[in-house]
K.L.:
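Sharing a structure below in structure tokens format, with a few things to ask.
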Number of protein chains: 2
Amino acid sequence: MPVSPRRGRPGYDREEVLEIAVRAFNEFGYDATSMGTLAERLGLSKSAVYHHFASKEQLLDAALDQGLGALEGVLTEAGAREGTPAARLRFVLDRAVHVLVERLPYVTLLLRLRGNTPVERAALERRREFDRAVTALVREAQDAGELRSDIDARVAERLLFGMINSIVEWYRPEGPEDAGALARDVLAVAADGLSL
Amino acid sequence: MPVSPRRGRPGYDREEVLEIAVRAFNEFGYDATSMGTLAERLGLSKSAVYHHFASKEQLLDAALDQGLGALEGVLTEAGAREGTPAARLRFVLDRAVHVLVERLPYVTLLLRLRGNTPVERAALERRREFDRAVTALVREAQDAGELRSDIDARVAERLLFGMINSIVEWYRPEGPEDAGALARDVLAVAADGLSL
DNA sequence: GTCTATAAAGAGATAGAC
DNA sequence: GTCTATCTCTTTATAGAC
């Protein structure tokens with residue numbers, strides 16, 4: 001239920017500008033997207049874009065914060081839960097898939113960072129912290145005997161999130177699969193493999 | 001055993017220029033890497049770089065061809081083998097991990113493409129063709145009852161190669177794991193999961 | 001195989017009017 | 001909230017000498 005009625009092109013607020021910018025960043029890559037291209041997409045002049053965000057990098061910063069905030073929220077939720085380490089790990093994987101699908105453009109942008117600027121490096125550091133926390137959870141589950149121990153916890157975490165993160169490369173919300181079915185498939189492969 | 005003795009800075013051949021260029025592309029991203037940065041890395045002037053490659057895009061083209069050629073070679077080998085579909089699929093996964101590790105910079109570049117130019121789009125199309133072939137193999141294995149059928153073949157292929165491709169984001173040849181151990185872990189997760 | 005110098009275009013960003 | 005005009009810097013690429 002949008003409060004703002006669908007208006008014509010002009011009259012953007014910050015959030016709308018950001019959403020369209022992130023779409024362009026993902027389509028062309030952040031570096032390959034010029035403020036001119038952005039302005040074109042918005043149907044605005046370049047300086048109108050600068051009215052909403054002081055710089056291209058500030059657009060990036062705002063977008064990355066959305067993706068990171070959502071992922072970090074999953075860890076917060078998981079930490080507040082009862083249950084075995086394995087149960088909490090399953091919760092994290094399941095919720096991470098949902099976050100990826102629900103905030104697809106923002107997480108996509110995050111996952112493609114190179115670390116060229118301080119803003120990017122700060123975001124990469126937050127992401128590494130997320131990975132460290134999940135790795136610790138994997139290790140806990142291994143120590144509790146709830147997860148095979150013949151694979152290094154760091155490698156296991158990276159393969160798990162390699163699988164999950166790759167979803168941003170192909171999942172399209174319009175497609176046949178919904179987030180729940182996708183999460184179920186990811187959990188199934190993570191837990192039992194493909195019986196290959 | 002290098003035929004060419006380690007010389008000083010100047011006197012590059014095409015291959016050496018390409019190798020150093022690809023390293024820079026992966027470090028900063030292709031679009032964010034200027035010919036000036038490249039020249040700096042090589043200890044050359046910009047126009048010396050243009051002596052070896054007619055354009056930045058030709059550097060990209062040559063690099064992508066190396067990565068794609070190696071991956072396509074895996075399919076060719078697999079097609080020539082005896083054995084069940086599942087055995088050939090395992091072969092493809094195992095060899096793909098080895099290719100990723102052995103041609104890490106070239107495959108890394110390939111996996112980060114956005115498709116902004118004809119050169120990039122052609123490479124993406126070759127990559128999609130690879131994925132289609134692997135998906136067909138997954139489906140064959142499912143039809144033969146050698147692989148669980150409750151997960152769509154396309155989804156299964158994407159999760160498998162999501163896991164494999166993510167290796168380029170963290171694997172470093174200097175590190176503790178060798179390619180063989182890594183391939184074993186990938187196959188283990190793909191086949192039986194983490195017993196989570 | 002390398003250099004200096006330079007052309008031509010495009011980038012991010014700002015000034016100031018409406 | 002948007003515009004036109006402009007500044008300044010960087011970009012890809014070329015010309016032509018050594």
Side-chain angles (χ1 to χ4, degrees), chain A residues 2-22 24-64 109 113-120, chain B residues 2-22 24-25 27-64 109 113-114 116-120:
Chain A
V3 173
S4 53
R6 280 302 107 207
R7 43 194 160 210
R9 286 290 81 65
Y12 290 103
D13 66 21
R14 235 178 113 89
E15 200 181 352
E16 292 170 321
V17 169
L18 184 59
E19 196 182 315
I20 293 175
V22 170
F25 288 160
N26 285 328
E27 200 166 319
F28 306 119
Y30 172 72
D31 291 297
T33 307
S34 73
M35 293 298 271
T37 303
L38 243 46
E40 224 171 83
R41 288 252 168 151
L42 288 156
L44 295 179
S45 66
K46 280 198 287 176
S47 51
V49 182
Y50 280 100
H51 172 77
H52 295 284
F53 290 88
S55 68
K56 188 181 170 182
E57 195 160 31
Q58 199 177 100
L59 271 162
L60 181 64
D61 197 29
L64 294 176
L109 192 60
L113 280 191
R114 295 315 314 142
N116 291 335
T117 63
V119 162
E120 295 184 37
Chain B
V3 172
S4 53
R6 279 303 107 207
R7 43 194 160 211
R9 288 289 82 66
Y12 290 103
D13 65 21
R14 235 177 112 88
E15 200 182 352
E16 291 171 322
V17 170
L18 183 60
E19 195 183 314
I20 293 175
V22 170
F25 288 160
E27 200 166 317
F28 306 119
Y30 172 72
D31 290 297
T33 307
S34 72
M35 293 297 270
T37 303
L38 244 47
E40 224 172 82
R41 288 250 169 153
L42 289 156
L44 294 179
S45 68
K46 281 195 288 176
S47 50
V49 182
Y50 280 100
H51 172 76
H52 295 283
F53 289 89
S55 68
K56 189 181 169 182
E57 195 160 32
Q58 199 177 99
L59 271 162
L60 181 64
D61 196 29
L64 295 176
L109 191 60
L113 280 192
R114 296 315 313 142
N116 291 335
T117 63
V119 163
E120 295 184 36

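Just so it is clear: chains get the letters A, B, ... in the order the sequence lines come, proteins before strands, and each one is counted from 1. Everything numeric here is computed off the predicted structure, so don't read it as measured data.
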K.L.:
Where do B:Ala62 and B:Leu18 come nearest, in terms of heavy atoms and distance?
P.N.:
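That would be CB-CD2, 4.0 Å.
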
K.L.:
For A:Tyr12 and A:His52, which heavy atoms make the closest approach, and how far apart are they?
P.N.:
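So the two residues come closest at O-CE1, 3.0 Å.
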
K.L.:
In whole Å, what is the span from the NE2 atom of A:His51 to the P atom of C:dA15?
P.N.:
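To the nearest whole Å, that distance equals 15 Å.
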
K.L.:
How bent is the helix from C:dG1-D:dC18 to C:dC18-D:dG1, comparing axes over its five end pairs at each side, to the nearest 10°?
P.N.:
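Taking five pairs per end, the axes differ by 10°.
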
K.L.:
Step through the shown structure and confirm whether more than 12 heavy atoms of other residues, nucleotides or ligands are within 6.0 Å of CD on B:Gln58.
P.N.:
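Enclosed.
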
K.L.:
Can you check the A:Ile20 CD1 to D:dG1 P distance for me, whole Å?
P.N.:
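It is 14 Å, rounded to the nearest whole Å.
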
K.L.:
Got more than 12 heavy atoms from elsewhere within 6.0 Å of CD, A:Glu57?
P.N.:
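Result for CD/A:Glu57: enclosed.
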
K.L.:
What is the distance from OH of B:Tyr12 to P of C:dC3, rounded to the nearest Å?
P.N.:
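About 10 Å, once rounded to whole Å.
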
K.L.:
Look at the side chain of B:Ser47 against the base of C:dT4 and say whether a donor-acceptor pair falls under 3.5 Å; ignore hydrogens and angles.
P.N.:
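Flag set: donor-acceptor pair detected.
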
K.L.:
For B:Arg114 and A:Asn26, indicate whether the former's side chain and the latter's backbone hold a donor-acceptor pair under 3.5 Å.
P.N.:
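Yes; at least one donor-acceptor contact below 3.5 Å.
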
K.L.:
Take A:Leu109 and A:Leu60 through the side-chain contact (heavy atoms from CB on, under 4.5 Å) test and state the conclusion after the steps.
P.N.:
CA-CA 9 Å; A:Leu109 192 60; A:Leu60 181 64; 3.7 Å; yes

K.L.:
Can you check the B:Leu42 CG to C:dG1 P distance for me, whole Å?
P.N.:
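Distance check: B:Leu42 CG to C:dG1 P gives 13 Å.
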
K.L.:
If you compare all heavy atoms of B:Ala32 against all heavy atoms of A:Asn116, which two are closest, and at what distance to 0.1 Å?
P.N.:
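Answer, listing the atom of B:Ala32 first, then A:Asn116: CB-ND2, 3.5 Å.
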
K.L.:
Rounded to whole angstrom units, what separation is found between the CG atom of A:Leu60 and the P atom of C:dG12?
P.N.:
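The answer, rounded to whole Å, is 12 Å.
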
K.L.:
Round to the nearest Å and state the distance from A:Leu38 atom CG to D:dT2 atom P.
P.N.:
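Atom-to-atom, A:Leu38 to D:dT2, this comes out as 13 Å.
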
K.L.:
Check B:Ala39 against B:Lys46 and note the closest heavy-atom contact, atom names and distance.
P.N.:
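Residues B:Ala39 and B:Lys46, closest heavy atoms: CB-N, 3.6 Å.
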
K.L.:
Starting at atom CG of A:Leu59, determine the distance to atom P of C:dG12, rounded to an integer number of angstrom.
P.N.:
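Answer to the nearest Å: 11 Å.
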
K.L.:
For B:Glu57 and D:dA13, what is the distance between atoms CD and P respectively, to the nearest whole Å?
P.N.:
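Rounding to the nearest Å, CD of B:Glu57 and P of D:dA13 are 8 Å apart.
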
K.L.:
Give each protein N/O atom lying under 3.5 Å from an N/O atom of nucleotides 8-12 of chain D, with the pair distance.
P.N.:
residue : atom : partner : partner atom : Å
D:dT12  : OP1  : B:Lys56 : NZ           : 3.1
D:dT12  : OP2  : B:Met35 : N            : 2.8
D:dT12  : O4   : B:Lys46 : NZ           : 3.1

K.L.:
Provide the closest heavy-atom pair for B:Val49 versus B:Met35 in the form atom of the first, atom of the second, distance.
P.N.:
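In this case the closest contact between B:Val49 and B:Met35 is CG1-CE, 3.8 Å.
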
